[in-house]
Amino acid sequence: MTIDLAFIWAALIAFAVLAYVVMDGFDLGIGILFPFYKSESDRDRMMNSVAPVWDGNETWLVLGGGGLFAVFPLAYAVIMPALYAPIIIMLLALVFRGVAFEFRWRTHRGKFLWDWAFAAGSIAATFAQGIALGTIVQGIPVADRAYAGGWWNWLTPFSVFTGIALVVGYALLGATWLILKTDGAMQEKSHRFALVLGPATLILIGLVSLWTPFLEPLYMERWFTWPRMLYTVPVPLLVAIAAYVLIKGILRREELTPFLASLALFVLSFIGIGISFYPYIVPPTLTIWDAAAPDESLGFLLIGAVVLIPIILAYTAYAYWVFRGKVGTEGYH
């Protein structure tokens with residue numbers, strides 16, 4: 001029995017992308033909500049809530065992108081030309097907001113500029129990620145093992161809609177994170193935001209889910225043909241349960257439940273995308289086996305992954321444990 005290294009690496013990269021979404025999602029969501037919290041002390045608390053972990057969250061983005069380049073070079077060579085513009089915007093925005101983390105603590109006269117830099121960088125990075133996701137979901141044209149589309153293929157009504165949906169979804173993660181990490185008037189304000197953002201996110205997830213099957217016959221077959229429906233029906237049912245838990249938790253002014261339910265919505269949405277895609281890494285043309293590097297390379301790289309990924313997970317868990325609890329206004333520097 002041979003080990004399917006391409007499948008293992010596809011699972012690892014999918015895990016890295018999911019880890020980035022659930023960990024950096026609330027981080028970016030904090031920035032998206034930043035303009036709606038006018039008090040400087042509130043903004044200090046918002047930044048303090050993610051300051052110890054935000055740069056570690058980016059590790060998963062590096063792992064996902066670097067892993068794609070190393071183990072699925074053909075997919076990387078196809079996806080990058082299709083997404084140059086949104087990916088460059090995303091990277092510049094992430095750099096910009098990272099700089100804002102440091103500079104806003106070191107200046108008083110120009111602090112408002114770095115506040116806006118943090119917010120604009122968060123919104124731009126999230127919207128660009130949504131654009132990239134929408135472009136991949138709608139399908140990337142491939143001919144002779146190369147990208148066959150144009151410069152503006154990434155800009156479509158569907159990709160713009162997924163960009164907006166991701167901004168709203170990350171804002172929900174940010175609001176529920178603040179419910180967990182703050183108290184008093186700020187927590188109450190975050191509850192009010194979550195009460196609006198929760199239903200909005202659910203509506204947008206529903207609309208994207210209904211739109212997606214009409215983009216490719218493959219998606220329609222996966223979700224609406226018998227007996228495949230037996231494997232896909234549990235996903236929307238679990239989404240409905242997570243939605244119920246989310247709204248109930250917000251209405252009851254619970255602290256942890258809304259955040260966990262919001263994360264569950266993202267995890268289930270990610271699983272839904274996986275159901276639609278698999279085994280394609282560049283739908284609807286390239287499978288993971290078409291795009292994979294030679295088994296020798298996959299095996300060699302897997303040795304490093306087996307060592308490094310548990311270390312990253314352990315460090316991440318330790319960081320979140322050390323900085324657990326409510327946050328104040330004092331800076332972390």
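One-based numbering along the sequence shown. Just so we're clear, the structure is a prediction, and the values are computed from it rather than from any experiment.
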Assert yes or no for the condition that the ring centre distance of [X] to [Y] is strictly below 6.0 Å.
X: Phe118; Y: Phe101; answer: yes
X: Trp9; Y: Phe72; answer: no
X: Trp114; Y: Trp116; answer: no
X: Trp60; Y: Phe15; answer: yes

Answer yes when [X] and [Y] have at least one side-chain N-carboxylate O distance shorter than 4.0 Å, and no when they do not.
X: Asp27; Y: Arg97; value: yes
X: Arg104; Y: Glu40; value: no
X: Arg253; Y: Glu188; value: yes

Could you check whether atom CZ of Phe158 has more than 12 heavy atoms from other residues, nucleotides or ligands sitting under 6.0 Å from it? yes

Nearest heavy atoms of Ser49 and Met46, plus distance in Å: OG-O, 2.6 Å

Return yes if some donor-acceptor pair links the side-chain N/O of Ser159 with the main-chain N/O of Trp154 below 3.5 Å, else return no. yes

Checking the side chain of Arg252 only, and the main-chain atoms of Gly249 only, is there a donor and an acceptor separated by less than 3.5 Å? no

Let me see the working for Gln138 and Glu216 under side chain to side chain donor-acceptor pair (under 3.5 Å), right down to the final yes or no. CA-CA 7 Å; Gln138 71 189 11; Glu216 287 288 342; over 6 Å; no

Does NZ or CZ of Arg43 come closer than 6.0 Å to the centre of the six-membered ring of Phe34, within 45° of the ring's axis? yes

Worked verdict on Trp54 versus Asp24 for side chain to side chain donor-acceptor pair (under 3.5 Å): CA-CA 7 Å; Trp54 76 270; Asp24 210 39; over 6 Å; no

Once you measure the plane-to-plane angle for Phe277 and Tyr219, does it fall in the parallel (<30°), tilted (30-60°) or perpendicular (>60°) bin?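 Ring orientation, 0 to 90° scale: parallel.
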
What distance separates Thr162 OG1 from Ile205 CD1, expressed to the nearest 0.5 Å?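 These two atoms lie 12.5 Å from each other.
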
